[in-house]
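Working notes, beginning with the structure itself.
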Amino acid sequence: MIKITFPDNSVREFNPGVTGFQVAESISPRLAQDVLSVTVNDQLWDLTRPILTDASIKLHKWDDEEGKHAFWHSSAHLMAEALQELYPGIKFGIGPAIETGFYYDVDPGTAVIKEADLPVIEAKMVELAARKVAYNRQDISKADALKTFQDKGDEYKVELINDLQDGTITLYTQGNFTDLCRGPHLPNTADIKAIKLLNVAGAYWRGDEKRKMLTRIYGVTFPKKKMLDEYLVLLEEAKKRDHRKIGKELELFAFSETVGKGLPLWLPRGTALRLRLEDFLKKIQRRFEYQQVMTPHIGNKQLYVTSGHYAKYGKDSFQPIHTPEEGEEYLLKPMNCPHHCEIYKVKPRSYKDLPLRMAEFGTVYRYEQSGELHGLTRVRSFTQDDAHIFCRPEQLKEEFLKVMDIIFIIFKALDFENFEAQISLRDPENKEKYIGSDENWDKAERAIVEACQEKGLKARVELGEAAFYGPKLDFMVKDAIGRRWQLGTIQVDYNLPERFELEYTGEDNTKHRPVMIHRAPFGSMERFVAVLIEHTAGKFPLWLTPDQVVILPISEKFNDYAYDLAKKMNLQDIRVQVDDRNEKIGRKIRDNELKRIPYMLIVGEKEAENGEVSVRRQGEGDKGTIKIEEFIKMVNDEVAGMMEQY
RNA sequence: GCUGUUGUAGCUCAGGGGUAGAGCACUUCCUUGGUAAGGAAGAGGUCGCGGGUUCAAGUCCCAUCAACAGCUCCA
């Protein structure tokens, strides 16, 4: 007998060779029906794989990542089988499960797989799944694996096998399809009940843009038809929150082909929103003893040669601006740091001046690849809520922690509870991509890791994601359909101070080099507003929203009363509109609900006589009638209440 | 930049070789209505831009620009 230990540390005995599925069966028939994969001694296994020795196991159902993973991974194989039948000679790259669903990268040779072909592939998958065949695992030697796929002509699989170690290679077969795969898989295709192929796109083989582009087909599957329907509804709902759609509907921003792609135009309402965010951050920054500075939108090319940015990005940027002066070249500024370094150098600095915190809402211009542009989240001109902190090395950690505090304040104020933190370090295998000494990099990386530990912040560590001049701590937030965007960022930099020969005089009356922190809590105003729109679906908090109140007169007879009220509120700093259209009240309510204005005030004969307003809260309906003074106080208290917290 | 898709009225979209359509928005008129769409009339488009095929091109072909999904990239 072998001992199986469960997650709750209970132990039961089974015959050697028992499978995960049989263990589930022994617990309950219901569990046996729901279980999808099993973790055996911290390794993900198939349910049908015999367990031969004592082991600790955890059974996974749909609700576990591991369960879904096996389900979707098996679905990828099913799709591959369908493709193999429909496109004879098709070659396969990789086909993993992802956060939601799965994809497979394939090379259909001369054939082209288009979106219009997806329903056919889908139908074939349904047909194949209905045959209820098992997924069979098979250990195989490297030599045999190579031969199998060479014979088949699957050059991509051959390349993958060449990178694997002998003794670790397994194949999985269902029906007529065999794939190189680590597993685990479902026991049987019968579990895959609902299938939807979502889109087809190009993807470079092994993510390398110099290599061949394969065809990637994305799909998602579910054990129940109802779950698929619900998922598709969810997707539709998410699309309604798209900031590009809401930005247009609420007249926040626009693009013009004539102005140029990736160059956003901020409309009055969007500008109002953005300026209010800027004011909020400025207020916080005053409290943290920042000083505002302003610098030009262009700078002499030499500035960026010194910083190292020109060597790294010069060719892929907006090209230099030439002047009538022979040989004189300026760049649209792609970042603010070099300008701020020059401000540092305006006069000799003492250790008593540090830390020096220099903030600027600085608009920068970067020539992003055309395929990268995306609404307001990725643009060619954007405004960073930038600041550079010049400090003594021993002040670094404290300053870093203070910046983290600012970011937490911002995220809390705007209800971004679900952010992820990422520490981006240098790729130790590929050091030539970065400037600066190993010693400086080590110091900088250590400072970030320690700061996160001190704050108890759980951060994912990514190698090779650092900026070329220093490591960073990024804060990522997801958009409506689950794409991750980097918002706040903090970067430690020992290198620019060296390149710009920044100095301060220490207590010992000798020259020292300061350390620099780059930071942007919002990241950029454009991207932050975009993500904010998707999080709020355009229902901005009262303190932030462009229009706070709209007055709806019952009929045109009460327009004058409405204008009087508007004037009163205006004097009390309330942002108010009057809907004086010749429409029925029901119509006005509907239209203004859709504009997501927080308060609607309905005024007619009763209200005009008594100096009252009938209040509606957006999305909540009628709130009853109160005196106008009372309403003004209520709105101002609500706004002040929020601002006082910070 | 790469692969695929899409560009028709301010917006959302129909029309797929015979000379431009709908709903909403807009303008005017009627209506002055009490908590999510009152009625009528009108105006609005070289069908993304440029070539080509054709007696005839939103419609077919080529090129180009832009947008969308994904890849690559992101100081």
Side-chain angles (χ1 to χ4, degrees), chain A residues 103 105 112-118 198-218 239 242 244-245 248-249 251 254-258 260-262 304 307-314 316-317 333-338 364 366-375 377-380 382 384 435 465-470 472 474 481 483 485-486 489 491 493 496 518 523-524 527 552-559 581-594 600-607 614-616 618-619 621-625:
Chain A
Y103 67 79
D105 283 348
V112 179
I113 300 174
K114 295 180 180 171
E115 222 142 290
D117 302 320
L118 295 182
L198 297 164
N199 55 352
V200 45
Y204 299 108
W205 171 233
R206 308 201 102 177
D208 184 345
E209 67 179 321
K210 292 185 186 66
R211 305 198 62 177
K212 184 162 179 166
M213 180 162 268
L214 305 181
T215 304
R216 175 171 296 181
I217 304 173
Y218 285 90
K239 280 185 190 154
D242 190 315
R244 292 165 297 193
K245 183 175 152 64
K248 194 184 269 184
E249 283 168 5
E251 295 184 15
F255 289 90
S256 148
E257 278 188 37
T258 314
K261 62 177 162 185
Y304 306 101
S307 70
H309 287 101
Y310 189 78
K312 177 96 177 159
Y313 295 104
D316 306 318
S317 292
K333 79 173 166 188
M335 77 289 305
N336 305 299
C337 0
V364 297
R366 296 180 184 175
Y367 191 79
E368 305 289 3
Q369 294 186 57
S370 62
E372 276 318 313
L373 301 174
H374 182 96
T377 48
R378 195 81 184 269
V379 285
R380 285 181 170 170
F382 58 96
Q384 295 178 312
I435 60 170
E465 293 290 313
F468 75 95
Y469 52 75
K472 52 185 185 165
D474 290 331
I481 63 170
R483 286 178 291 223
W485 295 97
Q486 176 213 308
T489 180
Q491 311 178 359
D493 187 355
L496 281 192
H518 310 245
S524 83
R527 184 176 288 178
L552 317 183
I554 293 282
S555 84
E556 291 179 339
K557 281 188 275 184
F558 309 104
N559 280 357
R581 292 175 306 162
N582 176 8
E583 292 291 351
K584 288 193 173 178
I585 195 65
R587 181 50 182 271
K588 291 188 186 183
I589 288 169
R590 181 184 154 76
D591 289 349
N592 286 290
E593 282 282 344
L594 294 177
M600 268 172 265
L601 300 182
I602 290 154
V603 295
E605 195 174 356
K606 281 183 288 180
E607 290 81 3
S614 172
V615 181
R616 260 187 88 98
Q618 202 268 350
D622 196 356
K623 295 281 175 191
T625 302

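The figures that follow rest on heavy atoms only: side chains count, while hydrogens, waters and symmetry mates do not. The sequence lines fix the lettering, A, B, ..., with proteins before strands; numbering per chain opens at 1.
- Nearest to the side chain of A:Arg244, among B:A69, B:G34, B:C74, sits B:A69.
- When the nucleotides B:U32, B:G4, B:A66 are ranked by their closest atom to the side chain of A:Asn582, B:U32 comes out on top.
- Within 4.0 Å (heavy atoms only), A:His518 reaches no atom of the nucleic acid at all.
- Residue-to-nucleotide contacts include a donor-acceptor pair under 3.5 Å from the side chain of A:Glu607 to the base of B:G34.
- Residue A:Glu556 is in base contact, counting any heavy-atom pair closer than 4.0 Å across all strands shown.
- Across all strands, A:Glu605 comes closer than 4.0 Å to base atoms (heavy-atom distances).
- Between the NZ atom of A:Lys239 and the CZ atom of A:Arg244 there is a distance of 10.5 Å, given to the nearest 0.5 Å.
- Under 3.5 Å, the side chains of A:Glu115 and A:Asn199 contain no donor-acceptor pair of N or O atoms.
- Closest contact between the side chain of A:Lys114 and the listed nucleotides B:G34, B:C2, B:U5 involves B:U5.
- For the P atoms, the distance from B:C61 to B:U5 is 12 Å, rounded to whole Å.
- Among the atoms of the strands shown, none is found under 4.0 Å from any heavy atom of A:Asp591.
- Residue A:Arg380 is out of contact with every strand shown, counting any heavy-atom pair closer than 4.0 Å.
- Note that CG of A:Leu198 is 10.5 Å distant from OH of A:Tyr218, once rounded to the nearest 0.5 Å.
- Nucleic acid contact class of A:Lys312 (heavy atoms, under 4.0 Å, all strands): none.
- Using a 4.0 Å heavy-atom cutoff across all strands shown, A:Arg616 reaches at least one base atom of the nucleic acid.
- A:Gly207 comes within contact range of the sugar-phosphate backbone alone, with a heavy-atom separation under 4.0 Å but no base atom that close.
- The side chain of A:Arg590 sits closest to B:A37 out of B:C11, B:A37, B:C74.
- Listed for the A:Gln618 side chain is a donor-acceptor partner under 3.5 Å among the backbone atoms of A:Glu593.
- Nucleic acid contact class of A:Arg378 (heavy atoms, under 4.0 Å, all strands): base.
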